[in-house]
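In what follows, residues are counted from 1 in the order of the sequence shown.
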Amino acid sequence: MNRVASLLFNARRILKRTQLEGPLPDDGDLLRRAFRVAWPSTLESFLVALVSVVDTIMVSSLGAAAIAAIGLTGQPKFICLAVFLSVNVAVSAIVARRKGEGDREGANRVLVQAILITVVLTVVITALALIFAEPVLRLAGTNEDTHELATGYFRIIVGCQFFNVLNMVINAAQRGVGNTKIAMRTNIVSNLVNIVFNYLLIGGNFGFPALGGKRRCHRNSAGYCRSQRNGFALGNASRQLPLLILQ
């Protein structure tokens, strides 16, 4: 096992120009540790991408225009999230350093500052996205059949992105201390909630209102479900917050 690990990952070769301050674990142990941290993050990334795919599949019963409307909001949505994704990379890196230093208070300060920065940026970016939703989506390629649906859907998911980005920054800090399974579990539960609310509200099952039943409500269906998902994900992540630095 160690021979195979040495072929894939040789720490001594990687660090040959670095002055070591202590003994290195064997390559097999390092590879196992890296895998335990990496696989939940890989699954989490898959689940994040899966949300839009699930929304598109489940809204397909509303027709081609509804499918196209959801697809056209993808790029503007990720442009809005780009700033927060950048902040999350910094949060993970700095929190990881504070954990390595044994500075729990410093790690907590990083998280608090990141949350405050995220709140301010969310207000600014959400306001701009709501104001300029129509020209942005025309630039994204909407036409007469899809523009109204895409604009409504985009405004709903952007207007509710506060829950999403706060969930993201908490999960980024969790990853920084190696708690990648917490972020994975949060995304698994929130994806299941998204699917359930899609099923209940798009088709109007089990007595819920059929938001997909009228043309003016097509745009609300998946967007409303996404807002429910984001709120649930934030609550799930917040319950895990004490585990962030104090373990």
* Hey, could you give me the CD/CZ distance between E105 and R98, rounded to the nearest 0.5 Å? => 12.5 Å
* Heavy atoms only: give me the nearest A133-T151 pair and the separation to one decimal. => CB-CG2, 4.2 Å
* Go through Q174 and V95 one step at a time and tell me if the side chain to side chain contact (heavy atoms under 4.5 Å, CB included) criterion holds. => CA-CA 9 Å; Q174 298 280 14; V95 167; over 6 Å; no
* Residue pair V136 / L139, side-chain heavy-atom distance below 4.5 Å -> no
* Applying the 4.5 Å side-chain criterion to the ILVMFWY set and letting contacts propagate, would F162 and L130 be lumped into a single cluster? -> no
* Check: L85 and M168 side chains under 4.5 Å, non-hydrogen atoms -> yes
* Answer whether the closest heavy-atom distance between the side chains of I125 and Q161 falls below 4.5 Å. => yes
* hydrophobic_cluster_shared for F78 and V165, side chain cutoff 4.5 Å -> yes
* Structure fact -> Nearest heavy-atom contact between T126 and G159 is CG2-CA, 4.0 Å
* **Gap between atom CZ of R138 and atom CG of N143 - 0.5 Å precision** => 9.0 Å
* Structure fact -> Taking every heavy atom of K77 against every heavy atom of F154, the minimum-distance pair comes out as N-CE1, 3.8 Å
* Asked: Partners of P40 by side-chain contact (heavy atoms from CB on, under 4.5 Å), sequence neighbours excluded?
  -> T180, K181, M184
* Structure fact -> Rounded to the nearest 0.5 angstrom, the CG-CD1 distance for L81 and I157 is 8.5 Å
* Closest approach of D145 and L149, non-hydrogen atoms and distance? -> O-CD1, 4.0 Å
* Asked: Got a donor-acceptor contact below 3.5 angstrom from the N88 side chain to the F84 backbone?
  -> yes
What side-chain donor-acceptor pairs closer than 3.5 Å can you find for residues 111-123, not counting sequence neighbours?
residue: T118; atom: OG1; partner: A114; partner atom: O; Å: 2.7
residue: T122; atom: OG1; partner: T118; partner atom: O; Å: 2.5

* Do the side chains of R155 and E134 get nearer than 4.5 Å, heavy atoms only? -> yes
* Asked: Same cluster for I79 and L137 if Ile/Leu/Val/Met/Phe/Trp/Tyr side chains link at under 4.5 Å?
  -> no
* Hey, what do you get for CG (L43) to CZ (R185), rounding to the nearest 0.5 Å? -> 12.0 Å
* Asked: Same cluster for L192 and Y199 if Ile/Leu/Val/Met/Phe/Trp/Tyr side chains link at under 4.5 Å?
  -> yes
Tell me which donor-acceptor pairs under 3.5 Å the side chains of residues 66-74 have, and how far apart each pair is, sequence neighbours excluded?
residue: T73; atom: OG1; partner: I70; partner atom: O; Å: 2.7

* **Y153-F132 co-clustered via ILVMFWY side chain contacts under 4.5 Å** => no
